[in-house]
Amino acid sequence: QVQLVESGGGLVQAGGSLRLSCAASGRFFSINNMGWYRQAPGKQRELVASITRGGSTNYVDSVKGRFTISRDNAKNTVYLQMNSLKPEDTAVYHCNAKGFDRSTLRDLEVWGQGTLVTVSS
């Protein structure tokens with residue numbers, strides 16, 4: 001069974017920093033893309049940042065220059081370094097992984113349970 005376990009959320013003042021981590025388990029899961037999504041109260045979930053296995057990244061415009069996504073393929077872990085945080089960054093952040101399950105021979109998409117990031121003004 002494939003699972004994503006997130007950590008690193010919390011409460012921070014505006015201008016501060018947080019680092020989110022997401023570790024994927026599952027010996028038969030070959031991960032391609034990993035990413036972070038967020039959902040603020042009353043809003044739709046949006047893609048914050050994504051990274052391919054080769055390291056190509058993509059960011060939503062509102063976090064460019066402030067957030068950095070990275071991954072450690074050997075550890076099946078993705079990170080999101082968040083700097084210069086703003087109150088509008090407050091949301092539940094979910095980790096996402098897309099890949100191939102070698103045990104079922106099917107494509108697989110997995111979500112983490114979410115971690116709350118609260119930025120106070």
Establish whether [X] and [Y] are linked, either directly or via other cluster members, by ILVMFWY side-chain heavy-atom contacts under 4.5 Å.
X	Y	result
V92	L85	no
W36	V2	yes
L4	Y37	no
V12	F67	yes

Which atom names give the shortest non-hydrogen contact between [X] and [Y], and what distance separates them?
X	Y	result
S121	P87	CB-CG, 3.9 Å
V48	Y93	CG2-CE2, 4.2 Å
V60	E46	CG2-OE1, 4.1 Å
C22	M34	O-CE, 4.4 Å
V78	C95	CG1-SG, 3.7 Å
L18	G10	CD1-O, 3.9 Å

As an exercise, state the distance from [atom1] of [X] to [atom2] of [Y], rounded to the nearest 0.5 Å.
X	Y	atom1	atom2	result
Q39	Q44	CD	CD	8.0 Å
R19	M82	CZ	CE	11.5 Å
F100	F28	CZ	CZ	12.5 Å

Under 3.5 Å: donor-acceptor pair, side chain of [X], backbone of [Y]:
X	Y	answer
T90	V119	yes
N33	S50	no
E6	L20	no

Open item on the list: Quick one, R38 and L80 - any side-chain contact, counting heavy atoms below 4.5 Å?
Closed with: no
Task: D89 vs V117 side-chain heavy atoms within contact, under 4.5 Å - done: no
Open item on the list: Strictly by salt bridge (Lys or Arg N to Asp or Glu O under 4.0 Å), give each pair with a member in residues 68-87 just once, sequence neighbours left out.
Closed with: none
Open item on the list: I need the full list of salt bridge (Lys or Arg N to Asp or Glu O under 4.0 Å) pairs touching residues 99-121, with sequence neighbours left out, sorted by first then second residue.
Closed with: K98-E109
Task: Check against side-chain contact (heavy atoms from CB on, under 4.5 Å), V110 and F29 - done: CA-CA 10 Å; V110 186; F29 188 31; 4.3 Å; yes
- [ ] Using side-chain contact (heavy atoms from CB on, under 4.5 Å) as the criterion, point out the one residue from N58, I69, T68 that pairs with I51.
- [x] I69
TODO: On the 0 to 90° scale, with breaks at 30° and 60°, tag the W111-H94 ring pair as parallel, tilted or perpendicular.
DONE: perpendicular
